[in-house]
Amino acid sequence: MKRDKSLLIIRRVLVVIAVLAVYIWAFSGLPVLQFKETSMEVISSIFSGLLQPDWTYVYDPKGEDLLRGLLDTLAIALLGTFIASFLCIPFSFMAARNIMKNKAIVGTNKFILSFIRVFPDIVLALLFIKAVGPGAFSGVLALGIGAVGMLGKLISEDMEGVDLSAREALVATGANPVKTLMFAVIPQVLPNFFSFVLYRFEINVRAATILGIIGAGGIGTPLIFALSVRDWERVGIILLGIIVMVTMIDIISGKIRARLT
Amino acid sequence: MIEFKNVSKVYPNGTRGLKNINVKIEKGEFVVVVGLSGAGKSTLLRSINRLHEVSDGEIIVGGKSITKAQGTDLYRIRRDIGMIFQHFNLVKRSSVMRNVLSGRVGYHATWKMVLGLFPKKDKELAIQALKRVNMPEKAYMRADQLSGGQQQRVSIARALAQEAKLILADEPVASLDPLTTKQVMDDLQHINQELGITMVVNLHFIDVARKYATRIIGLKQGEVVFDGPVENATDEMFAEIYGRPLEEDEIMGVAR
């Protein structure tokens, strides 16, 4: 008993020493923080800009305004998610071990899905800008392809957890493989499918706001322009718009998802 | 109705599931297959609708060889064979109605089924089937909201909606309590007697087997060791099938 206790104390002391060592090592490598003389001035102007957003930018009948930018962003996210939700279906079936008995096909599809997931949305968007030119279309393609990786993985794993006893029953009634899938497997994965697609839509809305920064359409483009000319009031209203839109979509989609499952 | 001709089954690992089975089952019979677990009851039953493949011999169902049938022919033969499982095998997330309707999918074109287009007649059939098992009011509940006995009766309704000429039941009451066992077995008996649907049922409980069967087939290590009318199935005969005297857990106490 006593030995156990002293061992425990020794172990704790060692852990504390190790943690302290890591901290010391990390902070010693840090460059000395240096503020430029103008830093404080810039920071205060950023804050004042954010606190006094440029309300006239919200709606401009002539074009280029906040609402249209947000709508563009939303459209990119929606279209991208829509495309991905279709593209991921064949991959999900073929990557589910219990549905597709051929191990080589399952392995290949699982690999393809992981391979797509390797690329961050921004990288995909850069590739598509080179391929189809800058604009909303490259953003849509980037999100549409990028989301296949995540959706395909989640849905195929959900399918692997499906109760296959109903499939046996359908086969016994004389149903062919397509009918069996429709009646025994699809009803079990459909609610989660919609839930995953909605979740990915939330992610895509957020991703679409930055895509514009590299020229793939949406609210990111006016944001990067406003930032580069230090138009803080403009930056303020754009950020405010993004926050409101993303929060609203998260709340709505969260509510729907809670009902689905 | 069903004819086994020299049927044998050897599993890939070398175990013999069925050994040279020659059995003929006539229309309207209520056959109960008994035997220890692992004696090949389930294999025998599932070879009838070819959920399991046999390695040798032929099985004729309704005049057609199911062991030789391919593609659409196989689906056609299966369409006439209803099946009831120990664990009900319903789609738990779907409604009772949809589960019963799934017995009808073999009758319609694939594209119609993908869109879920059932003719009105099928829905009436499904409701009728549910009435026969005394649960039409549960039609629009989700299957997983029902008790075990109710779920098993839904699966009976599914076989009825299928308009099967033959129903296979693999341990249909093994996961039910004595009271619901009686309800489910009574349902099967009524269907057998009133609609003339042939029944082949695997059972573990001897008293239940005796009460409902018109004919008993005893399996032991993949071989038929008894086949005859229920009157001939004496306690000694059962001891022979089981290779030892009867034990408490093989009597459920429903029949008394």
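Order of the sequence lines sets the chain letters (A, B, ...), proteins ahead of strands, with each chain counted from 1.
Proximity to chain B is limited to the side chain of D163(A), based on heavy atoms less than 4.5 angstrom apart. Of the two parts of A109(B), only the backbone, made up of N, CA, C and O, holds a non-hydrogen atom closer than 4.5 Å to a non-hydrogen atom of chain A. Residue contact with chain A, scored on non-hydrogen atoms closer than 4.5 Å, involves the backbone of I81(B) exclusively. For a residue to count as touching a neighbouring chain, one of its non-hydrogen atoms must lie under 4.5 Å from one of that chain's; by this rule R104(B) does not touch chain A. Heavy atoms closer than 4.5 Å to chain A are found in both the backbone and the side chain of M113(B). For a residue to count as touching a neighbouring chain, one of its non-hydrogen atoms must lie under 4.5 Å from one of that chain's; by this rule R50(B) does not touch chain A.
In this structure, CD1 on I48(B) lies 5.5 Å from CG on L44(B), to the nearest 0.5 angstrom.
Between D170(B) and the choices H87(B), K41(B), Q86(B), M83(B), the side chain to side chain contact (heavy atoms under 4.5 Å, CB included) rule is met once, by M83(B).
Taking V185(A), V162(A), N176(A), T180(A) one by one and counting their heavy-atom pairs under 4.5 Å with chain B, the maximum is reached by N176(A). If you tally non-hydrogen atom pairs under 4.5 Å between each of M182(A), E168(A), R167(A) and chain B, the highest count goes to E168(A).
The contact list for residues 138-161 of chain A toward chain B, using heavy atoms and a distance under 4.5 Å, is empty.
Checking Q162(B) against T173(A) by side-chain atom types alone, no donor-acceptor pair falls below 3.5 Å. Of the N and O atoms on the side chains of Q152(B) and S155(B), at least one donor lies less than 3.5 Å from an acceptor on the other residue. No side-chain N or O of S94(B) forms a donor-acceptor pair with one of N99(B) less than 3.5 Å apart.
Residues F183(A) and F118(B) place their aromatic rings such that the two centres sit under 6.0 Å apart.
Taking every heavy atom of both residues into account, G218(A) and I76(A) meet most closely at N-CD1, 3.8 Å.
For the pair D65(A) and R68(A), the salt-bridge criterion is met [side-chain N within less than 4.0 Å of a carboxylate O].
No more than 12 heavy atoms of other residues, nucleotides or ligands lie within 6.0 Å of NZ in K112(B), so this atom counts as exposed by the packing criterion.
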Hey, can you pull the donor-acceptor pairs under 3.5 Å for the side chains in residues 202-214 of chain A, sequence neighbours left out?
| unit_1 | atom_1 | unit_2 | atom_2 | d |
| --- | --- | --- | --- | --- |
| E202(A) | OE2 | S253(A) | OG | 2.1 |
| E202(A) | OE2 | R257(A) | NE | 3.3 |
| E202(A) | OE2 | R257(A) | NH2 | 3.0 |
| N204(A) | OD1 | R200(A) | NE | 3.1 |
| N204(A) | OD1 | R200(A) | NH2 | 3.1 |
| N204(A) | ND2 | T81(A) | OG1 | 3.0 |
| R206(A) | NH2 | D250(A) | OD1 | 3.4 |
| R206(A) | NH2 | D250(A) | OD2 | 3.4 |
| T209(A) | OG1 | R206(A) | O | 2.5 |

